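Written below as structure tokens is the structure these notes are about.
Sequential numbering from 1 along the given sequence is applied to the chain's residues. Only a predicted model underlies this, so the values are computations on that prediction, with no experimental measurement involved. Basis for what follows: all heavy atoms, side chains included, without hydrogens, waters or symmetry-related copies.
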Amino acid sequence: MKNFAIVVVAVCLFLTVGCASGPRTRYQWVHPDKNSTQYTRDYNECNEAVSKNVNLRLKSALGWAKGNTSAADNEWRQRINSCLEDKGWHLEEIQE
């Protein structure tokens with residue numbers, strides 16, 4: 001029984017290390033004609049435009065007051081992403 005427990009622990013450690021050290025995928029905004037400085041400018045413009053949406057600001061404030069900001073934050077992020085896409089940016093997968 002002791003040997004079985006050692007084997008189980010060894011397999012679990014092997015799987016944990018194997019999964020943790022595997023390739024990670026992340027995403028980066030890219031544009032065919034713009035650089036990272038221009039991305040920051042476009043992102044800030046999009047964030048400012050989204051922040052002018054009174055209904056979304058109210059949702060965010062109400063979510064914050066209730067301790068549940070995820071829905072409003074997700075909508076905020078989606079609107080910023082949509083704005084960036086309208087400006088010609090797209091997400092590209094990057095393998096690390």
Side-chain angles (χ1 to χ4, degrees):
M1 189 66 162
K2 187 176 182 180
N3 288 338
F4 179 74
I6 291 172
V7 169
V8 169
V9 169
V11 169
C12 289
L13 284 173
F14 176 75
L15 291 174
T16 302
V17 171
C19 291
S21 64
R24 293 184 334 188
T25 302
R26 67 180 185 96
Y27 296 89
Q28 180 176 337
W29 286 100
V30 294
H31 192 285
D33 303 320
K34 295 183 178 182
N35 61 29
S36 61
T37 302
Q38 293 165 314
Y39 166 78
T40 302
R41 187 193 69 223
D42 285 350
Y43 177 88
N44 289 337
E45 287 175 3
C46 289
N47 190 41
E48 184 177 336
V50 170
S51 71
K52 291 179 181 177
N53 183 315
V54 175
N55 289 334
L56 188 56
R57 284 176 37 204
L58 285 173
K59 271 188 199 178
S60 184
L62 289 172
W64 184 263
K66 293 179 181 179
N68 179 13
T69 59
S70 61
D73 289 347
N74 285 339
E75 186 173 349
W76 196 289
R77 169 61 55 202
Q78 288 171 356
R79 288 180 185 223
I80 291 174
N81 290 352
S82 178
C83 176
L84 287 169
E85 289 168 355
D86 290 346
K87 292 178 179 281
W89 293 91
H90 67 276
L91 282 174
E92 192 171 275
E93 186 177 309
I94 298 172
Q95 291 288 335
E96 291 186 328

Side chain to side chain contact (heavy atoms under 4.5 Å, CB included) evaluation trace for R77 with I80: CA-CA 5 Å; R77 169 61 55 202; I80 291 174; 4.2 Å; yes
Stepwise side-chain hydrogen bond (donor to acceptor under 3.5 Å, both in side chains) check, W76 with N53: CA-CA 10 Å; W76 196 289; N53 183 315; over 6 Å; no
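At distances below 3.5 Å, at least one donor-acceptor pair connects side-chain atoms of Q38 with backbone N or O atoms of N35. With hydrogens and angles ignored, the 3.5 Å screen pairs a side-chain donor or acceptor of N44 with a backbone N or O of T40. Checking side-chain atoms of S82 against main-chain N and O of R79 turns up no donor-acceptor pair under 3.5 Å.
Here the CD-CD distance, from E93 to Q28, works out to 12.5 Å after rounding to the nearest 0.5 Å. Remark: T37 OG1 to R41 CZ distance equals 9.5 Å, nearest 0.5 Å. The structure places NE2 of H90 at 9.5 Å from CH2 of W29, a figure rounded to the nearest 0.5 Å. Between the SG atom of C83 and the CG atom of D42 there is a distance of 7.5 Å, given to the nearest 0.5 Å.
Between K34 and K87, the closest heavy-atom pair is NZ-O, 4.3 Å. What you find for G88 and P32 is that their closest heavy atoms are O-CD, 3.8 Å. The nearest pair of heavy atoms linking Y39 to L84 is CE1-CD1, 3.9 Å.
Both V50 and W89 are members of a single hydrophobic cluster when ILVMFWY side chains are connected at heavy-atom separations under 4.5 Å.
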